[in-house]
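Notes follow the structure.
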Amino acid sequence: MPKCLHLEEITQPAAVLFGIRLKKRRKELGLTQAQLFERTGIAPGYLSYIENGRANPTIDMMVKLAETVGLELWDMLRPEPEQGA
């Protein structure tokens, strides 16, 4: 079944949520931004913008980054479940 994202569920812009999760996962893997650059070709300065929610990466770029850190793009974009739900 396709996964749907309902606008009323969004509490943070997708680019911000993606960046937060990318940074968390990169740190869990013990990677620096320079090392992530070596694996993806995405400049460390731009990676910093992505991780801090100040950039809107393309879908292709998000897929590449998600795959590089071993996550599915959907898992990096889906809204957090509300507390007590």
Please tabulate, one pair per line, all N/O donor-acceptor pairs under 3.5 Å involving side-chain atoms of residues 62-71, not counting sequence neighbours.
{"residue": "Lys64", "atom": "NZ", "partner": "Thr40", "partner atom": "O", "Å": "2.9"}
{"residue": "Thr68", "atom": "OG1", "partner": "Lys64", "partner atom": "O", "Å": "2.7"}

> Where do Gln33 and Glu51 come nearest, in terms of heavy atoms and distance?
Replying inline: NE2-OE1, 2.8 Å
> If you look at every heavy atom in Ala55 and Ala15, which pair is closest and at what distance?
Replying inline: O-CB, 3.5 Å
> Out of curiosity, Ile42 CD1 to Ile50 CD1, how far, rounded to the nearest 0.5 Å?
Replying inline: 5.5 Å
>> Using 0.5 Å steps for rounding, measure from the CZ atom of Arg39 to the CG atom of Leu36.
In response: 8.0 Å
>> If I take atom CE from residue Met61 and atom CZ from residue Phe18, how far apart are they, to the nearest 0.5 angstrom?
In response: 9.5 Å
>> Taking atom OH as the centre, does Tyr46 end up with more than 12 heavy-atom neighbours from other residues, nucleotides or ligands that are less than 6.0 angstrom away?
In response: yes
>> Using the rule that Ile, Leu, Val, Met, Phe, Trp and Tyr join whenever any side-chain heavy atoms are under 4.5 Å apart, tell me whether Leu73 and Leu22 fall into a single cluster.
In response: yes
> Going only through I, L, V, M, F, W and Y residues with side-chain contacts under 4.5 Å, is there a path from Ile59 to Val16?
Replying inline: no
> Minimum heavy-atom separation for Leu31 to Gln35, with atom names?
Replying inline: CA-OE1, 3.2 Å
> Is there side-chain contact between Arg21 and Arg26, with heavy atoms separated by less than 4.5 Å?
Replying inline: no
> Which atom pair, heavy atoms only, marks the closest approach of Leu47 to Phe37?
Replying inline: CD1-N, 3.8 Å
> Are side-chain heavy atoms of Met76 and Leu17 found at a separation under 4.5 Å?
Replying inline: no
